[in-house]
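Quantities reported herein were computed from a predicted structural model and do not represent experimental measurements. Counting begins at 1 with the first residue of the sequence.
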Amino acid sequence: MGDGGAVNLPDNVVMLHKEPRITVLPVLGDDYDEFLPKGMRLIAPAVIRQSDNVSLDDIEDDIRGGGAIMWVVHVGDTLVAALTTCVVRHPQRDTLKIEFMGGSRMSEWMDKAIEVLTKIALDADLDALEADGRKGFMKYVDKSPFREVYTHYVMELS
């Protein structure tokens, strides 16, 4: 071991690089106390951008009241992101909408999150997934089945 602790592997050993385990799970009643505050911190910047319309307390009340679901995303054992979803009932169809999203490492977990949400939406007989997002979300949209339908603008009247 005079080589600084390096391990010499036999020639017949293949080193496998495992992809990190990604979990996307809903925060349900029993988990509110542990995961809701953590998730709220992650989505806070997105909610604050909409502070004229909604507050963090409004979002938490909506989740606790069953009007929305918070999802937490772990890469390995590390909590990296959170998002909220709700069902939107349009006159012609029903959709699962991603309302707020925040965190980091989106390129690592977004495909898994969309896979989970797609399954949930199909199981619930919904017609589509929808989301409003900032330009950072466009990096994902360009490589996904999402299509840009419109850009949302607001003009304040007061």
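Leu96 and Leu117 get closest at one heavy-atom pair: CD2-O, 3.7 Å. Between Ala81 and Leu79, the shortest heavy-atom contact is O-CD1, 3.6 Å. The heavy-atom pair separating Gly67 from Cys86 by the smallest distance is O-CB, 3.5 Å. Shown here for Ala46 and Met101, the closest heavy-atom pair between the two residues is CB-O, 3.5 Å. For the residue pair Pro20 and Val75, the shortest heavy atom distance occurs at CB-CG1, 3.6 Å. In this structure, Val27 and Tyr32 approach most closely via the heavy-atom pair O-CE2, 3.4 Å.
At a threshold of 4.5 Å between non-hydrogen side-chain atoms, the residues Met110 and Ile114 count as touching.
Heavy-atom contacts from other residues, nucleotides or ligands closer than 6.0 Å to CG of Asp77 number 12 or fewer.
For the atom pair Leu129 CG and Thr118 OG1, the distance stands at 4.5 Å (nearest 0.5 Å). In this structure, Lys97 NZ and His90 NE2 are separated by 7.5 Å, a value rounded to the nearest 0.5 Å. Here the CD1 atom belonging to Ile69 is positioned 10.5 Å from the CG atom belonging to Asp62, to the nearest 0.5 angstrom. Separating the CD atom in Glu115 from the CD1 atom in Ile22 is a distance of 9.5 Å, to the nearest 0.5 Å. Note that CE of Met40 and CD1 of Ile59 are 6.5 Å apart. Values are rounded to the nearest 0.5 Å. Annotation: the span from Ile63 atom CD1 to Leu28 atom CG amounts to 11.0 Å, rounded to 0.5 Å.
When atom types are taken as modelled, the side chain of Thr95 and the backbone of Ala128 share no donor-acceptor pair closer than 3.5 angstrom. A side-chain donor-acceptor contact under 3.5 Å links Asp127 to the backbone of Asp94. A donor-acceptor pair under 3.5 Å links the side-chain atoms of Trp109 to the main chain of Ser104, judged by distance alone. With Asp58 contributing its side chain and Ser55 its backbone, the two residues share a donor-acceptor pair below 3.5 Å.
Using a 4.5 Å cut-off between side-chain heavy atoms of Ile, Leu, Val, Met, Phe, Trp and Tyr, with links allowed through other members, Val87 and Val116 fall into the same hydrophobic cluster. Hydrophobic cluster membership differs between Phe35 and Val24, with clusters built from Ile, Leu, Val, Met, Phe, Trp and Tyr side chains linked at under 4.5 angstrom. In the hydrophobic clustering of ILVMFWY residues, with side-chain heavy atoms under 4.5 Å counting as a link, Val73 and Leu36 come out apart. The hydrophobic clustering, which links ILVMFWY residues whose side-chain heavy atoms are closer than 4.5 Å, places Leu42 and Trp71 apart. One hydrophobic cluster, built from ILVMFWY side chains closer than 4.5 Å, cannot hold both Val80 and Val72; they sit in different ones.
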